[in-house]
Amino acid sequence: MFFDTGPADTFNYMLLGYAVILVPIALLILSIFTRFRQLKRDLVMLEEMDA
Amino acid sequence: MKPMPKTLKALTWFTVAMFVAALYMVFIYAPREAVMGDVQRVFYFHVSSLWVGMLAFLITAVAGGIFLASGKHSWDQVALASVEIGVVFTLGGTIAGAVWARPIWNTWWTWDPRLVTTTIMELIYVAYLMLRQGIDDPDRRARFAAVYGIVGAISVPITFLSIRLYRSIHPVVVGSGDPTATGSFDMTTRMTQAFMFSLLTFTFVYGSLLWHRLRLQRLNEKVELLKIKLLSD
């Protein structure tokens, strides 16, 4: 009982670990979305020029 | 550009729901590990991220092989889309591993076989993206990238098997590993369920992202062709 210190306090490391996984994924999704939107705008403009 | 297929919409929403469920399982359903504490929870997404990375690089090799055999550029598009996703997930998974290592191994980095081979695998495919940027001719670019992607895929089984072939401090999740590995833990039933569900969720995340990224690539090619057509008129 006296020597049971319980699990280590590593909560902040857990948060950091999830941040470094989720942030790049979020950036990838944002990048795909942003590039898609830009290309759609380009396509509309080019199709108008082609018409 | 055709509107988003209903199947892709359904897949995307299903993947989002799975991801939310995975977060619940990881943070609430799975118990806190008795020795490592909360940082052990990084394991679920750390392994899942690296699984997606390896899967993505293997898909790249397969797509490259099919491109070389068939000559259809759509397979080159699959290879490129898969590498982009694989690089991001491998990077996140590797750094998350370092974050987990800090309190457990008392170091952010060690020249362990698993860490080194994973980093090499990541750098191989970063170089794949750089190689593509350096070649203007689309046919030549696709052929070079396909060959490079196939050869580079040798790094995937080497990375996976590194902890089984060499003495490593990195724990082995499936099967028995080096008894000197630090950070191993016995998984309870709930931990195993959360782990398996995370793996499945990340596989769906990969599938969804691949499809979205492919649509982006096809739109990009359509815009490029239209630009060429307007310039030649």
Side-chain angles (χ1 to χ4, degrees), chain A, chain B residues 1 4 19 23 26-27 31-46 48-50 52 81 84-85 87-104 202 205 208-209 212-227 229-230 233:
Chain A
M1 181 178 91
F2 292 106
F3 300 109
D4 180 12
T5 56
D9 180 14
T10 51
F11 183 76
N12 289 340
Y13 284 106
M14 179 192 75
L15 290 180
L16 181 60
Y18 273 90
V20 298
I21 290 173
L22 297 178
V23 166
I25 295 172
L27 289 174
L28 175 64
I29 292 169
L30 189 65
S31 163
I32 291 172
F33 176 73
T34 308
R35 283 185 282 172
F36 206 90
R37 206 170 54 173
Q38 185 58 48
L39 281 170
K40 274 168 81 170
R41 280 194 206 128
D42 290 348
L43 184 65
V44 165
M45 184 187 68
L46 290 167
E47 281 175 341
E48 281 172 5
M49 287 167 69
D50 191 37
Chain B
M1 182 76 187
M4 193 189 302
F19 201 83
L23 288 171
V26 159
F27 287 112
R32 185 195 290 171
E33 206 276 333
V35 174
M36 288 186 266
D38 285 312
V39 76
Q40 178 273 331
R41 297 183 194 274
V42 172
F43 154 79
Y44 303 109
F45 279 20
H46 160 72
S48 302
S49 281
L50 289 166
V52 166
E84 208 175 277
I85 297 166
V87 162
V88 169
F89 278 77
T90 304
L91 180 69
T94 306
I95 300 175
V99 169
W100 185 8
R102 180 66 185 95
I104 306 305
F202 269 62
V205 170
S208 303
L209 284 174
H212 282 287
R213 181 62 184 84
L214 271 173
R215 290 188 77 237
L216 175 68
Q217 192 60 27
R218 280 164 195 162
L219 180 59
N220 187 45
E221 297 218 345
K222 191 172 177 178
V223 167
E224 290 302 314
L225 282 170
L226 199 45
K227 279 182 187 172
K229 180 175 178 261
L230 286 170
D233 283 346

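Every chain is numbered from 1 and lettered A, B, ... according to where its sequence line falls, protein lines coming before strand lines.
- In this structure, CG in Asp42(A) is found 9.0 Å from CD in Glu224(B), a value given to the nearest 0.5 Å.
- Scanning both residues, Pro24(A) and Val88(B), for their nearest heavy atoms gives O-CG1, 3.5 Å.
- Residue Leu28(A) touches chain B through its side chain alone, counting heavy-atom pairs closer than 4.5 Å.
- Atom CZ of Arg213(B) is separated from atom CZ of Arg35(A) by 4.5 Å, given to the nearest 0.5 angstrom.
- Rounded to the nearest 0.5 angstrom, Leu219(B) CG and Gln38(A) CD are separated by 10.5 Å.
- Once rounded to the nearest 0.5 Å, the distance linking OG1 of Thr34(A) with CG of Leu216(B) reads 10.0 Å.
- Residue Leu27(A): no heavy atom, backbone or side chain, is found under 4.5 Å from chain B.
- Separating the CZ atom in Arg102(B) from the CG atom in Leu16(A) is a distance of 11.5 Å, to the nearest 0.5 Å.
- Side-chain contact between Tyr44(B) and Ile21(A): absent, with no pair of heavy atoms (C-beta onward) separated by less than 4.5 Å.
- The shortest heavy-atom contact between Ala96(B) and Gly17(A) is CB-O, 3.8 Å.
- Within the 4.5 Å cutoff, the side chain of Met14(A) has no heavy atoms near those of the Met36(B) side chain.
- Each of Val42(B), Ile104(B), Val39(B) was checked for a side chain to side chain contact (heavy atoms under 4.5 Å, CB included) with Tyr13(A), and the lone residue meeting it is Val39(B).
- A distance-only check finds a donor-acceptor pair linking the side chain of Tyr18(A) to the backbone of Arg41(B) [under 3.5 Å].
- Interface residue Leu230(B): only side-chain heavy atoms are found under 4.5 Å from chain A.
- For Thr10(A) against Pro103(B), the heavy-atom pair with the smallest separation is CG2-CB, 3.9 Å.
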